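Input: a single structure, listed below in structure tokens.
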Protein chains: 4
Amino acid sequence: MKKNKPKYNQIIEAAVEVIAENGYHASQVSRIAKKAGVADGTIYLYFNNKEDILISVFEEKMGQFIEKIACGISKMNNAEEKLLKLIQMHFHQLSEDPHLAIVTQLELRQSNTDLRLKINQILKPYLTVIDDIIVEGTKENIFRDDLNVLLVRQMIFGTLDEIMTNWVMKEQKYNLAQEALQVQSFIINGLSVRE
Amino acid sequence: MKKNKPKYNQIIEAAVEVIAENGYHASQVSRIAKKAGVADGTIYLYFNNKEDILISVFEEKMGQFIEKIACGISKMNNAEEKLLKLIQMHFHQLSEDPHLAIVTQLELRQSNTDLRLKINQILKPYLTVIDDIIVEGTKENIFRDDLNVLLVRQMIFGTLDEIMTNWVMKEQKYNLAQEALQVQSFIINGLSVRE
Amino acid sequence: MKKNKPKYNQIIEAAVEVIAENGYHASQVSRIAKKAGVADGTIYLYFNNKEDILISVFEEKMGQFIEKIACGISKMNNAEEKLLKLIQMHFHQLSEDPHLAIVTQLELRQSNTDLRLKINQILKPYLTVIDDIIVEGTKENIFRDDLNVLLVRQMIFGTLDEIMTNWVMKEQKYNLAQEALQVQSFIINGLSVRE
Amino acid sequence: MKKNKPKYNQIIEAAVEVIAENGYHASQVSRIAKKAGVADGTIYLYFNNKEDILISVFEEKMGQFIEKIACGISKMNNAEEKLLKLIQMHFHQLSEDPHLAIVTQLELRQSNTDLRLKINQILKPYLTVIDDIIVEGTKENIFRDDLNVLLVRQMIFGTLDEIMTNWVMKEQKYNLAQEALQVQSFIINGLSVRE
DNA sequence: TATGAATGAGTATTCATTCAT
DNA sequence: TATGAATGAATACTCATTCAT
């Protein structure tokens, strides 16, 4: 498995740094190679093309991202707690790794539609985690039973994603962790005044 | 005023079409010129450079988009109704103009960070409209009074934006209009079971 | 005769200024038109094309330049005096009009070979003036009678031209007039120690 | 050292030919690449940009030109002989390589002022060679001791340069070598009848 | 595996010139 | 005569990818 080879990871890490620092379009393959300490040609022993580097970056990082969240959630007792945990960990993980946050929220989106479809595939397990919480919440009678799971998941993901993007574009100047509870409350209770 | 000149609008319309059909990166200036029925050089009598075309497209289209929504909302009686109207019109306007939807949801995001900052500026009036609804809802005692307006606005916009993007990426195969009510309900009531 | 029309001269004067200030390649026709206070298209009522403007500038200015020198020389009594007068006036006239000096010594040379042949045609009367002095000097028995007039004229012109070019490139910081006598002495006596 | 790389020299030689044949402005980088038998992009592995090719051509060729003259002169016994040798070799070297003569006398002058300043820097060692002859001649009591070295050098260089340019523009139809002696005589003795 | 020199396709922009008014 | 909006040809340079070593 090529992924166990050290150069593969060197290149992945170099790509995250180079893209975060220079932006997607200024990140030439040769620059990534230099930062990774390998020759330009070596890149092509591990990746098919430049796009493949980007997909692999997302794949590797998202894999870890989702795994940790799935793990964290499994310890929670109900959908409400799981949702909060998911929000907290979503914010926390990206806050902890600003380079990765820049890449996922800004630079990776500067890719063409084909690449975005591949990115969506990689994202699917995360969306499934969200779906599961929704379904579980409904079963637990915490959430309404008339929910359109697909739609609700889009809304939840869109909410979290937009908050992350704003945070990155505001140059990470404020503390996201504090907002997790408000976000959970919004998703669960909405804006209305509770009777 | 250059905006009254017919060629300015011809170029704007051509740009939307060409970008929607070919994607951001395959949209050469010469192709836009051809579609607009003008010479390549004519583009530069009306726009400073290629980026300026893109910004202007967004400016023009978003201007109309926001104006219509602001107008539609003004006829509504309270924040709840206004929110529903905003959601309906947001979905409706982009659904009606698939080319524009593709450009705003997919292609325009493939731009660099500088351009995205300019786009955010153009988007600001729309965000303000959302802010106003939130504030109004609070005053009307329909919405809670402990809301963080900035955060809530991000969540609402993120929700709508993600739904639109999914719809565009799924090739506009389903009817968005039907979902507006569910979305409003989600935003106002959240997921929880009402007592 | 078009040359009596005021706009013709306005354009010529504007061209000298614009070329001297911006350099040959940065001197767009539209800039010359603007400085001359006419529309771009008007230029083409008086000149065939951009090259024609340049040739005409040289023609007009060189015509005056040569006329004055020919006139000044005619008052001198012998070839030696005439040579000195020619040198003095060559230096004086271009020193007095730095814009013209820049155009003739630097910018006009950035033209293609065809244009340079035309420039050489315009220069011919000046070269003839030099030829005449050489021939006269020989007849007066002041200059040797074995001189190759064509070659000697090239040497004299080359000498004056190089001095002017150096003066222009050194940004006209020193006084050329003082050097005329040394130049005349060099041409007449050479470098050798006179017995 | 890049200058030992064969492609560097291939490109230099191709550039001389292409510029001599097509003129400065019609010499596209792609044409030079084609003539040199390399890809367009390869040019940019050896040169920073198009201007850099031109400067390097002049640098390489002038370097050899000056070196040979300096070498030839060193064998001569006094300033008079050295001057003659310099003139002969100046004429000879450029006569032998008409492509180079066209480039140096005509095409390279079609460059902007910045480039000309760089060219002047490259020319400096040649001017110094001339200066040295003047100073030596004075010390040997062959030349007058009141000479303004800078001015005299300009006159000598201008003389040679103008003769070369005329020869190139007359399409190299006559034999320059024969004129070297007359030129030396002019420079040393001037035009006057010797008593 | 690893290298890095070489490749060559691809495109925004300028500006001299025209021509309908 | 005079205008100036419109034209469209023309070109340097980058960078992802290859392949001989």
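Just so it is clear, the model here is predicted, and its values are computed rather than measured. Residue numbers begin at 1 in each chain, while the letters A, B, ... track the order of the sequences. In what follows, every heavy atom counts, from backbone to side chain, and hydrogens, waters and symmetry copies are set aside.
- B:Glu60 and B:Asn9 share no side-chain donor-acceptor pair at under 3.5 Å.
- If you take CZ of C:Phe47 and C1' of E:dT18, they are 18 Å apart, rounded to a whole angstrom.
- In this entry the distance linking CD of D:Gln28 with P of E:dT11 reads 20 Å, nearest Å.
- We find that OH of D:Tyr44 is positioned 16 Å from P of E:dA9, with the value rounded to whole Å.
- The existence of a salt bridge linking B:Glu17 and B:Arg31 is excluded, since no basic side-chain nitrogen approaches an acidic carboxylate oxygen closer than 4.0 Å.
- The structure places OG1 of A:Thr165 at 9.0 Å from CZ of B:Arg109, a figure rounded to the nearest 0.5 Å.
- Along DNA chain F, the nucleotide nearest C:Ala39 and the nucleotide nearest D:Asn49 are compared for position; the residue whose nucleotide lies closer to the 5' end is C:Ala39.
- Going from atom OH of D:Tyr24 over to atom C1' of F:dA12 covers 12 Å, rounded to whole Å.
- The side chain of A:Ser30 places no N or O atom within less than 4.0 Å of a non-bridging phosphate oxygen (OP1 or OP2) of F:dC15.
- Between the C1' atom of E:dA12 and the CZ atom of B:Arg31 lies a distance of 15 Å, rounded to the nearest Å.
- At whole-Å resolution of the value, CD in A:Glu51 and P in F:dC15 are 18 Å apart.
- Nucleotide F:dG8 forms a Watson-Crick or G-U wobble pair with E:dC15, both donor-acceptor distances falling under 3.5 Å.
- One finds a side-chain N or O of C:Lys5 lying less than 4.0 angstrom from the OP1 or OP2 phosphate oxygen of F:dT1.
- Nucleotide E:dA20 forms a pair with F:dT3, judged by Watson-Crick or G-U wobble geometry with both contacts under 3.5 Å.
- Whole-Å rounding puts the A:Tyr8 OH to E:dA2 P distance at 15 Å.
- In this structure, C:Lys7 fails the cation-pi test against C:Phe47, since its NZ or CZ atom is not both closer than 6.0 Å to the six-membered ring centre and inside 45 degrees of the ring normal.
- Contact annotation: C:Thr42 side-chain N/O to F:dT3 OP1/OP2 distance is under 4.0 Å.
- Each of D:Asn48 and B:Val38 was assigned the nucleotide of DNA chain F with the nearest heavy atom; the assignment lying further toward the 5' end belongs to B:Val38.
- E:dT1 and F:dT21 are spaced 22 Å apart, taking the P atom of each and rounding to whole Å.
- The nearest heavy atom of DNA chain E to B:Lys50 and to C:Ser27 marks one nucleotide each, and the one closer to the 5' end goes with B:Lys50.
- Contact annotation: A:Tyr46 reaches the phosphate of E:dA2 (side-chain N/O to OP1 or OP2, under 4.0 Å).
- Checked for salt-bridge contact, C:Glu51 and C:Lys118 meet the test: a charged N lies under 4.0 Å from a carboxylate O.
- Checking the phosphate oxygens (OP1, OP2) of F:dA2, a side-chain nitrogen or oxygen of C:Lys7 falls inside 4.0 Å.
- Atoms CD1 (C:Ile43) and P (E:dT18) sit 13 Å apart, rounded to a whole Å.
- Nearest nucleotide to the side chain of D:Leu45, out of E:dT17, E:dA5, F:dC13: E:dA5.
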